[in-house]
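Letters A, B, ... are given to chains in the order of the sequence lines, protein chains preceding strands, and every chain is numbered from 1. Predicted model, so just to flag it, every value in this text is computed and none were measured.
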There are 2 protein chains.
Amino acid sequence: MKVDILRKKNLRVTPFRKEVLDIFLKNEHAISIQDIEDGLKDFDRITLYRTIKSFTSKGVIHEIVMPGDIKKLALCDGVCAHDHGLHEHNHIHFQCRKCEEVYCVEIDELPQLKVPGFIIEEQEIQAKGICSKCSVVT
Amino acid sequence: MKVDILRKKNLRVTPFRKEVLDIFLKNEHAISIQDIEDGLKDFDRITLYRTIKSFTSKGVIHEIVMPGDIKKLALCDGVCAHDHGLHEHNHIHFQCRKCEEVYCVEIDELPQLKVPGFIIEEQEIQAKGICSKCSVVT
DNA sequence: CTGTGTGCAAAGGGTTTGCAAGTAC
DNA sequence: GTACTTGCAAACCCTTTGCACACAG
């Protein structure tokens, strides 16, 4: 239940937050702020920014930045844990060259990089290519 | 010769561009726009933005975005090819938790990710941890 | 009832655009 | 000489802050 997503994170359930959350739930790919705005009838942009901020800081959504200054937001739900303080990603961010959408794609295990002298603790992978939908249609 | 870096990319050699290039050459890690500004005595910010834009589009430097909206710039020289139109990275971007600097670190081979249904053509890896300098000092 | 969320206005910061003068080649 | 660069002013986003009112729990 969508309301629980908010309650679980100690966020008060308001009509506006439900609306915003609905837009995230409607999309299976990451969305931009513009996408959210387009999905709202009338809204106050400041409130939207604040909503995004609370959602992000409480771990309801996470921000994705793809090469080329493309910023997107996606639900944390399932694809990423937000438990140990650090935001752990067991998924990669993938942008399709064709439809241009950005997806959080789950991956069994992240490759463990080794660089002499450097201690690598976390990593984040951004990939580009063709998504499963666009590769089928071709 | 630093002037050749510009000439090779069909960029006119001007005093300002040489100054900016010098700042990149002086640092072995990626730098922010602020870092460049700090390195210039007096300058016009608009010209700096345009210089960065020409450098980026001609492949003299490349932009790095680390999680947390941290933007840096680094020379392409050596660490990355800019030949096939696409900007190929045979290096990863690494940010040190201690000194906070961002480095382009060369890596022998990027791990080849496989995701069912998705065709992965390019990838970019951002890592965090402790850099070689900070891990020595401890 | 209390603290959190909302909405409006206004400010802030980084970045881009237009145009005239200057300069590399 | 010609095309590219520079410098200044102004415009333009996008985002944040302050404050009073509204509302969830």
Side-chain angles (χ1 to χ4, degrees), chain A residues 1-24 30-74 102, chain B residues 1-24 30-74 102:
Chain A
M1 189 48 196
K2 108 190 126 194
V3 164
D4 295 329
I5 299 178
L6 297 177
R7 262 200 261 275
K8 247 183 258 175
K9 307 286 186 175
N10 289 315
L11 285 166
R12 290 197 175 169
V13 180
T14 68
F16 186 74
R17 286 180 176 170
K18 282 199 282 187
E19 268 187 81
V20 174
L21 195 53
D22 267 337
I23 297 172
F24 277 103
I31 58 180
S32 64
I33 292 185
Q34 190 57 54
D35 292 331
I36 302 175
E37 294 187 0
D38 294 345
L40 297 168
K41 319 152 230 327
D42 65 83
F43 67 100
D44 176 56
R45 179 171 283 132
I46 290 91
T47 304
L48 175 56
Y49 280 120
R50 281 194 275 227
T51 302
I52 291 171
K53 216 169 193 175
S54 346
F55 280 16
T56 307
S57 66
K58 290 293 173 66
V60 176
I61 60 175
H62 62 285
E63 195 193 49
I64 303 166
V65 185
M66 296 296 287
D69 277 317
I70 296 151
K71 279 197 202 171
K72 301 273 181 170
L73 300 163
V102 174
Chain B
M1 188 49 197
K2 111 191 124 196
V3 164
D4 294 329
I5 298 178
L6 297 176
R7 262 200 261 275
K8 246 183 258 175
K9 305 288 186 176
N10 288 316
L11 285 167
R12 290 198 177 168
V13 180
T14 68
F16 186 73
R17 286 181 177 172
K18 282 199 282 187
E19 268 187 82
V20 174
L21 195 53
D22 267 338
I23 296 171
F24 277 103
I31 57 179
S32 65
I33 292 185
Q34 191 57 55
D35 292 331
I36 302 175
E37 294 188 359
D38 293 344
L40 296 167
K41 318 156 230 327
D42 65 84
F43 67 100
D44 177 56
R45 179 171 281 133
I46 291 92
T47 303
L48 176 55
Y49 279 119
R50 282 195 274 227
T51 301
I52 291 171
K53 215 169 195 177
S54 344
F55 280 15
T56 307
S57 65
K58 291 295 173 69
V60 176
I61 59 176
H62 62 284
E63 196 193 48
I64 303 166
V65 185
M66 296 296 289
D69 276 318
I70 295 152
K71 279 196 203 172
K72 300 275 180 168
L73 300 163
V102 174

Identify, between A:Arg7 and A:Ile33, the residue whose nearest nucleotide on DNA chain D lies closer to the 5' end. A:Ile33
Which pair of non-hydrogen atoms, one from B:Ile52 and one from B:Thr56, has the smallest distance, and what is that distance? O-OG1, 2.6 Å
Please give, in whole Å, the distance from D:dC4 P to B:Lys58 NZ? 9 Å
Please name the pair of heavy atoms, one in A:Ile36 and one in A:Ile23, separated by the smallest distance, quoted to 0.1 Å. O-CD1, 3.5 Å
Between D:dT15, D:dA24, C:dT15, which nucleotide gets closest to the side-chain atoms of B:Lys71? C:dT15
Toward the 5' end of DNA chain C, by each residue's nearest nucleotide, A:Asn10 or B:Arg45: A:Asn10
Base, sugar-phosphate alone, or nothing: which one does B:Thr47 contact when heavy atoms must sit under 4.0 Å apart? base
Ignoring backbone atoms, test whether B:Thr14 places a side-chain nitrogen or oxygen under 4.0 Å from the OP1 or OP2 oxygen of D:dC4. no
Report yes if the side chains of A:Glu37 and A:Arg45 come closer than 4.5 Å at any heavy-atom pair, otherwise no. yes
I'd like to know if B:Arg50 reaches the base of D:dG7 with its side chain, counting only an N/O donor and acceptor under 3.5 Å. yes
Starting at CD1 of B:Ile46 and ending at P of C:dA20, how long is that distance when rounded to a whole Å? 17 Å
Nearest to side-chain heavy atoms of A:Leu11, which nucleotide of C:dA24, D:dA24, C:dG5: C:dG5
Starting from P on C:dG14, measure out to CZ on B:Phe43 and report it in whole angstrom. 11 Å
Starting at atom CG of B:Leu6, determine the distance to atom P of D:dC4, rounded to an integer number of angstrom. 16 Å
Figure out the CG/C1' separation between B:Asp4 and C:dA24, and round it to whole Å. 16 Å
Distance, rounded to the nearest Å, where B:Leu48 contributes CG and C:dG13 contributes P: 18 Å
Which listed nucleotide (D:dT15, C:dT16, C:dG5) is nearest to the side chain of B:Lys53? C:dT16
Please classify the nucleic acid contact of B:Arg17 as base, sugar-phosphate, or nothing, using heavy-atom distances under 4.0 Å. sugar-phosphate
Interatomic distance, A:Glu19 CD vs C:dG5 P [rounded to whole Å]: 17 Å
From the options D:dT6, C:dT4, D:dT16, select the nucleotide whose nearest atom is closest to the side chain of A:Arg12. C:dT4
Could you state the interatomic distance from OG1 (B:Thr51) to CG (B:Leu40), rounded to the nearest 0.5 Å? 9.0 Å
So, is A:Tyr49 close to the D:dT16 phosphate, meaning a side-chain N or O under 4.0 Å from OP1 or OP2? no
Which atom of B:Leu21 lies closest to which atom of B:Lys2, heavy atoms considered: CD2-O, 3.4 Å
Whole-Å distance between D:dC14 C1' and A:Asp44 CG? 14 Å
